[in-house]
Amino acid sequence: MAATVSDILLDWYDRHARDLPWRAPPGTPPPDPYRVWLSEVMLQQTTVAAVKPYFEAFTRRWPDVAALAAAPEDDVMAAWAGLGYYSRARNLVKCARAVAARGGFPTTETELRELPGLGAYTAAAVAAIAFAQRAVVVDANVERVVARLFAIDTPIPAARKPIRVAADAITPARRAGDFAQAMMDLGSSVCTAREPKCLLCPLAKTCKARATGDPARLPVKAPKKPKPLRRGRAFWIEREGEVWLVRREGKGMLGGMRALPDDGWSARADGTGEAPMPGTWESAGVVRHVFTHAALELSVVVQRNAPAPDAQGEWWPIDRIDDAGLPTLFAKAARLVLAG
DNA sequence: AACACGGGGGC
DNA sequence: GCCCCAGTGTT
């Protein structure tokens, strides 16, 4: 009986698994579902290196789902600051509260999929990794590995369906969690997006893209659109060692996060340039920042000895600005002012 | 199906 | 600089 793809990969994983804070070693009992869930949400579109310190901080401060469920949402948002995609943090709180209310995580992929912030990938990953269920786990790593293994050259996103079918076909009933993590480790360290290390790959012999001689060509992706450049202003309003901060509304850009007041710039349009209050503004410089679908030049202007703006907001001690939970854009703006 | 949604790592 | 990343929710 020839060794299957999953046999080969699990054997490779037993020898080469990365040691990560949210992981159990290969072949050992699954880790705490809370830690699996938290890590998976943090890892959505986010690199392992970026996640590690946040995962440590979250699990130290909120050791279990009940603790996270009891936390004020603003505290969680502030702790998430810098990690990006802040809807994840909003959904994290909702999900923790739903799970705490029902007395623990559901154990099937179908039920997990109903929770806020758990889409097809995360529901499958948690079911497989935390609950040893057979689930087909498809993330960007798996897409790349499978597209190459089977030489699927349809462009993403049309390739998603055949990739899923192929991934399903090679997913084993036993050790589905280890298999999923093995695919991700292979994708992140061997079958990399650029210059895949085929000489180190346990699947090189069966890889159809390898046989063509140009595996890096796959997966084929649709061309991306150019990012527009937006311009806006942010306002540093200061008095007696404090700065005026607001909370951004809604689910849009940086929604729910603490911020400096601004002139209404967005990914779709420039700001008006209009200040939230009268007075004399002094320029502190420009912050350049790139979002997913727009670049921003944010002009930062300052007014000192200012009265309170006629709006919602709060005075925040400048010597504790690092604790305000400002997203990176506004943290950069604050650094600019304080360095000047 | 297409778009909105951050930020940092790696080269 | 550019490409990429353990995707999800909305339209």
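Every value quoted in this text rests on a predicted model; they were computed, and no experiment measured them. Throughout, protein chains are lettered first and strands after them, A, B, ... in sequence-line order, and every chain is numbered starting at 1.
Using a 4.0 Å heavy-atom cutoff across all strands shown, Leu20(A) reaches at least one base atom of the nucleic acid. Using a 4.0 Å heavy-atom distance criterion, Gly255(A) is classed as making no nucleic acid contact. As judged by a 4.0 angstrom heavy-atom cut-off over every strand, Gly187(A) is placed among residues making no nucleic acid contact. When heavy atoms are screened at a 4.0 angstrom cut-off, Trp22(A) is found touching base atoms of the nucleic acid. Leu83(A) comes within contact range of at least one nucleobase, with a heavy-atom separation under 4.0 Å. Across all strands, Ala125(A) comes closer than 4.0 Å to no nucleic acid atom at all (heavy-atom distances). No engagement by Lys332(A) is indicated, since no non-hydrogen atom pair under 4.0 Å with the nucleic acid exists. Arg18(A) comes within 4.0 angstrom of a nucleotide base, judged by non-hydrogen atoms across all strands. Across all strands, Thr122(A) comes closer than 4.0 Å only to sugar-phosphate atoms, never to a base (heavy-atom distances). Residue Lys221(A) is in sugar-phosphate contact alone, with no base atom involved, counting any heavy-atom pair closer than 4.0 Å across all strands shown. Within 4.0 Å (heavy atoms only), Ala180(A) reaches no atom of the nucleic acid at all.
A donor-acceptor contact under 3.5 Å links the side chain of Tyr85(A) to the base of dG6(B). Between the side chain of Arg88(A) and the base of dA4(B) there is no donor-acceptor pair of N/O atoms closer than 3.5 Å. Judged by atom type and distance alone, Thr292(A) reaches the base of dG6(B) through a side-chain donor-acceptor pair under 3.5 Å.
Distance from the side chain of Met253(A) is smallest for dC5(B) among the nucleotides dA6(C), dC5(B), dT8(C). The listed nucleotides are dT8(C), dG6(B), dG7(B); the one nearest the side chain of Tyr121(A) is dT8(C). Distance from the side chain of Tyr86(A) is smallest for dG7(B) among the nucleotides dG10(B), dG7(B), dG7(C). Closest contact between the side chain of Lys251(A) and the listed nucleotides dA6(C), dC5(B), dT10(C) involves dT10(C).
One can place CG of Leu329(A) at 14 Å from C1' of dC5(B), the figure rounded to the nearest angstrom.
Residues Asp168(A) and Arg134(A) are paired through a salt bridge, judged by an N-O separation under 4.0 Å between the basic side chain and the carboxylate.
Taking side-chain N and O atoms only, Thr328(A) has a distance below 4.0 Å to OP1 or OP2 of dG8(B). A sub-4.0 Å separation between OP1 or OP2 of dG7(C) and a side-chain N or O of Gln45(A) is present. Side-chain nitrogen and oxygen atoms of Lys224(A) include at least one within less than 4.0 Å of the OP1 or OP2 phosphate oxygen of dC4(C). OP1 and OP2 of dG6(B) both lie 4.0 Å or more from every side-chain N or O belonging to His289(A). Using a 4.0 Å cut-off, no side-chain N or O of Arg160(A) falls inside it from OP1 or OP2 of dA1(B). Contact annotation: Arg144(A) does not reach the phosphate of dC4(C) (side-chain N/O to OP1 or OP2, under 4.0 Å).
The cationic atom of Arg61(A) (NZ for Lys, CZ for Arg) does not lie both less than 6.0 Å from the six-membered ring centre of Trp80(A) and within 45° of the ring axis.
For the residue pair Arg217(A)/Thr212(A), the side-chain donor-acceptor check at 3.5 Å is not satisfied. Inspection of the Thr108(A) and Thr110(A) side chains reveals no N or O donor paired with an N or O acceptor under 3.5 Å. Side-chain atoms of Gln181(A) and Arg23(A) include a donor-acceptor pair closer than 3.5 Å.
Between Leu254(A) and Phe330(A) the shortest side-chain heavy-atom distance falls below 4.5 Å.
Figure legend. dC11(B) is base-paired to dG1(C); pairs are counted as Watson-Crick or G-U wobble with both atom distances under 3.5 Å.
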